[in-house]
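Let me begin by presenting the structure, written as structure tokens, before commenting on it.
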Amino acid sequence: MATIFSKIVNGEIPCHKVAENDEFFAFLDIRPLAEGHILVIPKEEIDYLFDIDDERLGRMMAFAKKIASAQKQAIPCNRIGVTVIGLEVPHAHIHLVPIQKESDMHFGKEKLEPTSEQLAEVATRICSKLSGI
């Protein structure tokens, strides 16, 4: 059975896509910790991040690095926080979260509830800063 992330990649579920290439896909989290919170996933359905082979994992991190650079330019923040939890959806994913302080990365806090229009505007801002994906 396909994960929700596979359904997003396949266009069965809409998303606010930020970037994709042959191997990876990046889109805005619809219940973000902060404005501009992005999920980076492999297109291939792999449950656990550390089951990804070394070369592909390196390429995934390089893909995420380009997205984080665009996020940092588009969203006012001190850093782009990176975390892997991977319990909610059985499909490997990296969270890229614009943060001001460490506590901004706390997943137990109340999530934002942006409208689709707000998410679209954020995606446009981030995409405008992307190059070379």
Side-chain angles (χ1 to χ4, degrees):
M1 186 163 108
T3 69
I4 190 170
F5 291 169
S6 290
K7 291 177 181 180
I8 288 170
V9 169
N10 294 331
E12 299 167 38
I13 295 173
C15 74
H16 294 278
K17 180 173 72 171
V18 174
E20 79 175 298
N21 65 17
D22 292 344
E23 292 183 290
F24 311 110
F25 197 91
F27 57 98
L28 289 176
D29 192 312
I30 61 169
R31 302 229 26 240
L33 291 176
E35 180 183 60
H37 179 166
I38 292 175
L39 297 171
V40 176
I41 65 170
K43 287 184 173 179
E44 181 181 348
E45 203 169 286
I46 299 169
D47 180 9
Y48 183 50
L49 186 77
F50 294 120
D51 285 340
I52 298 172
D53 69 81
D54 293 350
E55 292 77 21
R56 186 183 307 179
L57 184 58
R59 291 189 303 272
M60 185 173 174
M61 290 305 292
F63 180 82
K65 181 180 178 181
K66 290 176 184 176
I67 292 164
S69 176
Q71 274 177 298
K72 184 109 172 46
Q73 293 174 59
I75 308 294
C77 62
N78 285 331
R79 301 261 170 131
I80 300 300
V82 179
T83 192
V84 175
I85 298 173
L87 296 175
E88 317 97 23
V89 179
H91 191 137
H93 56 287
I94 298 169
H95 293 265
L96 300 176
V97 183
I99 61 172
Q100 302 299 338
K101 57 191 179 311
E102 285 182 21
S103 61
D104 292 343
M105 292 292 292
H106 179 57
F107 278 76
K109 74 177 189 176
E110 189 172 331
K111 309 291 189 303
L112 302 177
E113 295 189 26
T115 65
S116 183
E117 292 78 18
Q118 289 169 321
L119 289 169
E121 188 273 327
V122 170
T124 298
R125 283 184 9 229
I126 294 168
C127 288
S128 75
K129 304 296 183 185
L130 276 171
S131 63
I133 295 249

Which atom pairs, one a donor and one an acceptor, fall under 3.5 Å between side chains of residues 21-31 and the rest of the protein, sequence neighbours left out?
unit_1: Asn21; atom_1: OD1; unit_2: Glu23; atom_2: N; d: 2.8
unit_1: Asn21; atom_1: OD1; unit_2: Phe24; atom_2: N; d: 2.8
unit_1: Glu23; atom_1: OE1; unit_2: Arg59; atom_2: NE; d: 2.7
unit_1: Glu23; atom_1: OE2; unit_2: Arg59; atom_2: NE; d: 3.4
unit_1: Glu23; atom_1: OE2; unit_2: Arg59; atom_2: NH2; d: 2.7
unit_1: Asp29; atom_1: OD1; unit_2: Arg31; atom_2: N; d: 2.8

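Residues Ile126 and Ile80 share a single hydrophobic cluster, defined by chaining ILVMFWY side chains whose heavy atoms lie under 4.5 Å apart. Cluster membership check: Ile38 does not share its hydrophobic cluster with Val89, using side-chain heavy-atom separations under 4.5 Å among Ile, Leu, Val, Met, Phe, Trp and Tyr. Tracing side-chain contacts under 4.5 Å through hydrophobic residues (I, L, V, M, F, W, Y), one reaches Leu96 starting from Val18; they form part of the same cluster. Val40 and Phe50 end up in the same hydrophobic cluster when Ile, Leu, Val, Met, Phe, Trp and Tyr side chains are linked at under 4.5 Å. When the side chains of ILVMFWY residues are joined at heavy-atom separations under 4.5 Å, either directly or via intervening members, Val84 and Ile41 end up in two distinct hydrophobic clusters.
For residues 93-107, the set of pairs meeting the salt bridge (Lys or Arg N to Asp or Glu O under 4.0 Å) definition, not counting sequence neighbours, comprises Lys101-Asp104. Within the structure, no pair that satisfies the salt bridge (Lys or Arg N to Asp or Glu O under 4.0 Å) test touches residues 82-97, not counting sequence neighbours. For residues 124-133, the pairs satisfying salt bridge (Lys or Arg N to Asp or Glu O under 4.0 Å) are Glu35-Arg125, Glu121-Arg125, with sequence neighbours left out. Screening residues 73-92 for ring-ring contact (aromatic ring centres under 6.0 Å, His included) gives Phe5-His91 as the qualifying pairs, with residues at least two apart or on separate chains. Pairs of residues two or more places apart, or lying in two chains, that qualify as ring-ring contact (aromatic ring centres under 6.0 Å, His included) and include a residue from residues 98-133 are His95-Phe107.
The structure places CG of Leu49 at 9.5 Å from NE2 of His93, a figure rounded to the nearest 0.5 Å. Distance CD1/Ile8 to CG/Leu39: 8.0 Å, rounded to 0.5 Å. Taking CD of Gln71 as the start and NE2 of His37 as the end, the distance is 9.0 Å to the nearest 0.5 Å. Note that CG of Asp53 is 12.0 Å distant from CE of Met60, once rounded to the nearest 0.5 Å. Rounded to the nearest 0.5 Å, atoms CD1 (Ile99) and CG (Leu33) are 10.5 Å apart. Annotation: the span from Ile46 atom CD1 to Ile52 atom CD1 amounts to 4.5 Å, rounded to 0.5 Å.
Remark: Lys65 engages no residue in a side chain to side chain contact (heavy atoms under 4.5 Å, CB included) (not counting sequence neighbours). Residues meeting the side chain to side chain contact (heavy atoms under 4.5 Å, CB included) test with Thr115, sequence neighbours left out: Glu117, Gln118. The side chain to side chain contact (heavy atoms under 4.5 Å, CB included) check on Thr124 picks up nothing, with sequence neighbours excluded. When the side-chain hydrogen bond (donor to acceptor under 3.5 Å, both in side chains) test is applied to Ser103, no partner is found at least two apart in sequence or on another chain. Judged as a side chain to side chain contact (heavy atoms under 4.5 Å, CB included), and not counting sequence neighbours, Asp54 has no contacts. Not counting sequence neighbours, the partners of Glu20 by the side-chain hydrogen bond (donor to acceptor under 3.5 Å, both in side chains) test are Lys17, Lys43.
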ask   = Where do Gln100 and Arg79 land on the side-chain contact (heavy atoms from CB on, under 4.5 Å) test, with the steps shown first?
value = CA-CA 7 Å; Gln100 302 299 338; Arg79 301 261 170 131; over 6 Å; no
message = Walk me through whether Met105 and Val97 qualify under side-chain contact (heavy atoms from CB on, under 4.5 Å).
response = CA-CA 7 Å; Met105 292 292 292; Val97 183; 3.6 Å; yes
task = List the steps and the verdict of side-chain contact (heavy atoms from CB on, under 4.5 Å) for Ile67 and Leu130.
result = CA-CA 7 Å; Ile67 292 164; Leu130 276 171; 4.3 Å; yes
task = Would you sort out whether Glu12 and Ser6 count as a side-chain contact (heavy atoms from CB on, under 4.5 Å), showing the intermediate values?
result = CA-CA 9 Å; Glu12 299 167 38; Ser6 290; over 6 Å; no
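Residue Ile85 qualifies as enclosed at atom CD1: its count of foreign heavy atoms under 6.0 Å is above 12.
When all heavy atoms are compared, the tightest approach of Pro114 to Leu119 is CG-CD2, 3.6 Å.
Between the side chain of Glu45 and the main chain of Ala2, no donor-acceptor pair closer than 3.5 Å is present.
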